[in-house]
Amino acid sequence: MDPALLGTLTLGNEIDATALDTPERILEYFRSRNFIGNGCTSIEGAIQENPELELAYEDLGDADAYIMKISDNRFRIAVNSRHHKNRQRFSMAHEYAHYQLHRSQIGSKPEGERILYRNGERNQIEYQANKVAGEILMPEREFIFCISNSAGDVRAIANFFAVSPEAVRVRASQLGWNIL
Ligand SMILES: [Zn+2]
């Protein structure tokens with residue numbers, strides 16, 4: 001057998017938390033570590049457990065969050081301490097997506113960014129980070145189950161996933177559902 005392939009298979013039980021470059025791999029890892037318990041994703045837990053990441057709550061003024069490189073293989077994710085917990089969770093997931101997918105482009109200065117609800121986002125990187133954030137916080141399987149069980153009640157779905165109603169609407173439209 002190809003030694004490289006053997007390495008991959010051996011790692012099967014132990015997924016490398018620092019190298020998850022697709023939403024599918026991120027979700028596989030989250031499930032393996034029980035970060036998706038009962039539907040609601042513990043993005044906080046996934047960040048805090050990652051040896052390369054640290055999580056901070058700071059007053060960021062108008063900005064939602066930032067991710068910055070502290071040193072080789074070390075990054076800080078900060079979210080706005082004044083924002084609602086659910087909004088902070090989306091911001092964390094967005095920055096976490098940058099860490100997994102756009103790591104080489106993360107700078108060493110804290111550049112706060114505005115994140116939420118940009119479904120019409122044209123910047124490819126930001127669009128992708130938002131999309132992945134939605135996929136992490138509202139995994140398709142759980143999301144469809146929840147829509148069916150709540151008769152499309154956006155507030156109930158948002159409460160279930162601890163996200164904003166707007167994030168639910170965006171996720172629903174991505175999956176081809178039209179809900180109010
Ligand atoms: Zn971003």
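First listed ligand is number 1; within each ligand, the first listed atom is number 1.
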task: Nearest 10° is fine: what angle sits at the Zn ion (ligand 1) between OE1 from Glu113 and NE2 from His94?
output: 120°
- prompt: Can you name the residues that form a salt bridge (Lys or Arg N to Asp or Glu O under 4.0 Å) with Arg171, not counting sequence neighbours?
  reply: none
message: Is it the case that over 12 heavy atoms from other parts of the model lie below 6.0 angstrom from the CZ atom of Arg74?
response: yes
query: Is there an N/O/S atom in Glu95 at a distance below 2.8 Å from the Zn ion (ligand 1)?
result: no
- prompt: Using links of under 4.5 Å between side-chain heavy atoms of ILVMFWY residues, direct or through other members, which residues join Tyr66 in one cluster?
  reply: Leu60, Met68
- prompt: Say you draw a straight line from OG of Ser150 to CZ of Phe160; how long is it, rounded to the nearest 0.5 Å?
  reply: 9.5 Å
task: Please name the atom of His98, restricted to N, O or S, that is closest to the Zn ion (ligand 1).
output: NE2
message: So, of the N/O/S atoms that Glu126 has, which is the nearest one to the Zn ion (ligand 1)?
response: OE1
